[in-house]
Amino acid sequence: DARLETALAHVDVDRMPLETQVRGTTRVYGRGAARDLARDARRRLAPLRGARFRALRERIEVEGDEAEVQLQLASAAGMGQLLLRLRKHEGRWLVRAVDVRR
């Protein structure tokens, strides 16, 4: 839960909507949806609770007020890819899109 709270500290759906794509399912969280996002994230991440991940590859690109972080992760359950798109908003980097693939 603490790690999720740390990750959610970089999301502010009241200032910038967040689009999530998790294994082909897309959802957009906008103004007033912070509770829904936290609830959905906890539910979707529950099967991974206690799992350890190792980053096999990482790539970070920053261009002006846009950034992209790509991670290829491995765990005992297999490999996956995580893509984060961020935008600088009022001096703070906020996640605007998350794409999780297996």
Side-chain angles (χ1 to χ4, degrees):
D1 285 340
R3 287 183 181 168
L4 178 58
E5 291 304 319
T6 299
L8 290 175
H10 299 284
V11 175
D12 186 342
V13 295
D14 290 332
R15 288 192 165 85
M16 183 177 310
L18 173 71
E19 178 181 305
T20 63
Q21 291 185 1
V22 180
R23 298 165 128 195
T25 301
T26 301
R27 179 136 189 214
V28 177
Y29 297 88
R31 189 174 305 278
R35 280 188 175 165
D36 293 339
L37 171 61
R39 180 199 63 227
D40 292 350
R42 280 187 183 84
R43 188 185 67 217
R44 298 293 300 260
L45 292 170
L48 301 174
R49 192 173 304 254
R52 295 194 179 267
F53 293 90
R54 184 169 37 103
L56 300 176
R57 285 190 205 126
E58 59 184 60
R59 183 177 67 80
I60 301 171
E61 289 184 14
V62 179
E63 239 182 82
D65 287 348
E66 300 280 330
E68 187 173 281
V69 177
Q70 288 185 3
L71 297 170
Q72 183 178 26
L73 303 170
S75 73
M79 291 179 37
Q81 292 185 14
L82 174 66
L83 172 64
L84 302 172
R85 290 189 176 95
L86 299 95
R87 181 176 294 143
K88 203 170 210 177
H89 179 76
E90 297 178 358
R92 183 174 162 214
W93 286 101
L94 295 175
V95 178
R96 65 177 182 83
V98 176
D99 188 352
V100 179
R101 298 179 187 184
R102 198 148 173 136

Starting from Val28, walk the hydrophobic network (Ile, Leu, Val, Met, Phe, Trp, Tyr; side-chain heavy atoms closer than 4.5 Å) and list everyone else you reach, by chain and number. none
With the side chain counted from C-beta on, respond yes when Arg96 and Leu86 share a heavy-atom pair under 4.5 Å apart, and no when they do not. no
With hydrophobic residues grouped by side-chain heavy-atom distances under 4.5 Å, do Met79 and Leu84 end up in a single group? no
Is Phe53 linked to Leu8 within one hydrophobic cluster, defined over Ile, Leu, Val, Met, Phe, Trp and Tyr using a side-chain heavy-atom separation of less than 4.5 Å? yes
Which pair of heavy atoms, one from His10 and one from Thr6, lies closest together, and at what distance? CD2-O, 3.3 Å
Sort and list the pairs that fulfil salt bridge (Lys or Arg N to Asp or Glu O under 4.0 Å) and have at least one residue in residues 22-33, not counting sequence neighbours. Arg27-Asp40
If we only count heavy atoms from C-beta on, is the Val22 to Arg44 side-chain gap below 4.5 Å? yes
So for atom CZ, which belongs to Arg101, do other residues, nucleotides or ligands contribute more than 12 heavy atoms lying within a distance under 6.0 Å? no
Group every Ile, Leu, Val, Met, Phe, Trp and Tyr by side-chain heavy-atom contacts under 4.5 Å, then state whether Val11 and Leu83 land in the same group. no
Among residues at least two apart in sequence or on other chains, which ones pass salt bridge (Lys or Arg N to Asp or Glu O under 4.0 Å) with Arg85? Glu68
For a side chain to side chain contact (heavy atoms under 4.5 Å, CB included) check, start with the C-alpha distance between Val98 and Leu18, then their side-chain angles and the critical distance, and finish with the verdict. CA-CA 8 Å; Val98 176; Leu18 173 71; 4.0 Å; yes
Can any side-chain N or O of Asp14 pair as donor or acceptor with the backbone N or O of Gly32 at less than 3.5 Å? yes
Minimum heavy-atom separation for Ala67 to Val62, with atom names? CB-CG2, 4.0 Å
Does the side chain of Asp99 come within less than 4.5 Å of Leu82's, by heavy atoms? no
With a cut-off of 6.0 Å (strictly less than), are more than 12 heavy atoms of other residues, nucleotides or ligands near CD of Gln21? yes
Table please: side-chain donor-acceptor pairs of residues 87-95 below 3.5 Å, with sequence neighbours left out.
from  : atom 1 : to    : atom 2 : distance (Å)
Arg87 : NE     : Glu66 : OE2    : 2.6
Arg87 : NH2    : Glu66 : OE2    : 3.3
Arg92 : NH2    : Ala9  : O      : 2.6

Would you give the length of the straight line joining atom CZ of Arg54 to atom OG of Ser75, rounded to the nearest 0.5 angstrom? 9.5 Å
Those residues at least two apart in sequence (or on a different chain) that pass salt bridge (Lys or Arg N to Asp or Glu O under 4.0 Å) with Glu63 are none
Can you sort out the partners of Asp36 under salt bridge (Lys or Arg N to Asp or Glu O under 4.0 Å), two or more places apart, ordered by chain and number? Arg39
Closest heavy-atom pair and its distance - Leu56, Ala74: CD1-CB, 3.8 Å
Indicate, with yes or no, if Met16 and Val69 share a hydrophobic cluster defined by side-chain heavy-atom contacts under 4.5 Å among Ile, Leu, Val, Met, Phe, Trp and Tyr. no
Would one find more than 12 heavy atoms of other residues, nucleotides or ligands at under 6.0 Å from atom CZ of Arg35? no
